[in-house]
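Heavy-atom basis, side chains included; hydrogens, waters and symmetry copies ignored.
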Amino acid sequence: MDWQSDSNDIETTFAPTLEQWYTIHKRDLPWRHTVNPYYIWLSEIILQQTRVAQGRPYYERFVAAYPTISDMATADERELLRLWQGLGYYSRARNLHQTARHITEKLAGKFPDTYQDLLKMKGIGAYTAAAIASFAFGERVPVVDGNVYRVLSRVFGITEDITTTTAKKTFATLAMRLIQASVDPATYNQAIMEFGAIHCTPVAPDCLLCPVQQQCVAYLTGRQHQLPVKSKKAPVRERFFSYLVFRQNGRLALHERVDRDIWQNLYDFHLVETDEPKTALRDIPLAEPISSLVNTGRLLDAPVEAVQLLSHQRIRATFFLIELPEKVVGSLPIDLQWYSMDEISILPKPVLITNYLAKQFA
DNA sequence: AAAGCGGGGTC
DNA sequence: GACCCAGCTTT
């Protein structure tokens, strides 16, 4: 093989080139100052499907609240969810707690230190296992996240739909080849993600100042804006929520969401979901004992309307504040419980509910 | 293989 | 309004 073409092969120069770029352009982020697997893990879970700017303050608060994995293991799950409030994908918080307890109690506090063992933990998939294994333990295993799909699809001109299983395999295989040529696998993994996040961005990538410009298939063929190829996702589901907010003696009736639905283990009010929007209390279908409760109370103020946008649902909510007479002891449905405003303030709640409380009880 | 799961930033 | 973010779990 000709030595010159071999040394210029993009597959062998790619990793070192990005590592060099990274040392110059990397952002100063708190989790980059540690190799403690607990902190690395915490940061990676927070950053799943979450931008650095959004996740960073949460990371700082979690580190302050739970300096060690044992602190997190013994924490109250409700308190942990409360800290997670507003970040979304709440199963991450529940899995965080479960894995903290597993490592503390079953693994004697010893954090799994290989890609394969990390994969066994709840909430740790291929990406996160690779991130922890390389950042904390130096293992030569590549991260493949949204940034990596974008960068590799462009540089190597891969047109497979990244949502398919075969494409994921293609990228994983290529990534595994590329990391072999890295000087340091941890630095390279950081580098390719940082490069995707701040240079090879989804729109308006900075091709003119790109370190691999002359090797980039997408740039050389003018296709950087068409890559990566990603099939459309399902349309957003419309949902109509009517919340009955019962108040008595200054306390509100709340309910923990335990169904297989959004906001599991968070708290909201008595919910009536309908297929059509309902803006009047009398139009809302009610069953006992709720209907009796509504009849003994009186509707306060005008209903408050709100729209909460999720990536997969659009929720149109109407809140009806219903004041119950002091003496009525009437039966509250078993899933509803009275909470003082102080107690409510420390319950984990969806943003929709937090916003309503701020507006109604400001 | 596909669906379900938050909330926010950016253009 | 559309896209997408240091993805994972369940069906």
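Residue pairs that meet the ring pair (Phe, Tyr, Trp, His ring centres under 6.0 Å) test with at least one member in residues 104-128 of chain A, sequence neighbours left out, are A:W41-A:F111. Residue pairs satisfying the side chain to side chain donor-acceptor pair (under 3.5 Å) criterion with at least one member in residues 132-148 of chain A, sequence neighbours excluded, are listed as follows: A:S134-A:N189, A:R140-A:S182, A:D145-A:N147, A:N147-A:R150. The list of ring pair (Phe, Tyr, Trp, His ring centres under 6.0 Å) pairs with a residue in residues 129-151 of chain A, not counting sequence neighbours, reads A:Y149-A:F171.
Rounded to the nearest Å, the gap between the C1' atom of B:dG8 and that of C:dT9 is 23 Å. Between C:dC5 and B:dC5, the two C1' atoms lie 14 Å apart (nearest whole Å). Between the P atoms of B:dG6 and C:dT10, the separation comes to 14 Å (whole Å).
Using a 4.0 Å cutoff on non-hydrogen atoms, no part of residues 186-197 of chain A comes near DNA chain B. Non-hydrogen atoms lying under 4.0 Å from DNA chain B are contributed by nothing in residues 124-151 of chain A.
Partners of A:R177 under the side chain to side chain donor-acceptor pair (under 3.5 Å) rule, at least two apart in sequence or in another chain, are A:E11. Contacts of A:D117 classified as salt bridge (charged side-chain N to carboxylate O under 4.0 Å, His left out), with partners at least two apart in sequence or in another chain: A:K120. Under the ring pair (Phe, Tyr, Trp, His ring centres under 6.0 Å) criterion, A:Y89 pairs with no residue, sequence neighbours left out.
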Show the atom names and distances, to 0.1 Å, of all donor-acceptor pairs under 3.5 Å that link a side chain in residues 302-317 of chain A to residues at least two apart or in another chain.
{"residue": "A:Q313", "atom": "OE1", "partner": "A:R239", "partner atom": "NH1", "Å": "2.9"}
{"residue": "A:R314", "atom": "NE", "partner": "A:E238", "partner atom": "OE2", "Å": "3.0"}

Result block: side-chain N/O donor-acceptor pairs under 3.5 angstrom for residues 200-211 of chain A, not counting sequence neighbours:
{"residue": "A:T201", "atom": "OG1", "partner": "A:V203", "partner atom": "O", "Å": "3.0"}
{"residue": "A:T201", "atom": "OG1", "partner": "A:A204", "partner atom": "O", "Å": "3.3"}

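Note on ring orientation: taking the six-membered ring where Trp is involved, the planes of A:Y243 and A:F319 are parallel (angle under 30°, cut-offs 30° and 60°).
Between A:P185 and A:I179, the shortest heavy-atom distance links the atoms CB-CD1, 3.9 Å.
Side chains of A:T187 and A:Q190: a donor-acceptor N/O pair is absent below 3.5 angstrom, by distance only.
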### Message
Return a single string for nucleotides 3-11 of chain B, one symbol per nucleotide in 5' to 3' order, where B is base contact, S is sugar-phosphate-only contact and - is none, cutoff 4.0 angstrom on heavy atoms.
### Response
--BBBBB--

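Of the charged side-chain nitrogens involved, at least one lies within less than 4.0 Å of a carboxylate oxygen, so that A:R32 and A:E194 count as a salt-bridged pair.
Using a 4.0 Å heavy-atom cutoff across all strands shown, A:W31 reaches at least one base atom of the nucleic acid.
Here chain A contacts DNA chain C (any atom closer than 4.0 Å to a heavy atom, that is under 4.0 Å), and the contacts span C:dC3 to C:dT11 from 5' to 3'.
For the pair A:R61 and A:Y58, the distance from NZ or CZ to the six-membered ring centre is under 6.0 Å and the angle to the ring normal is within 45 degrees.
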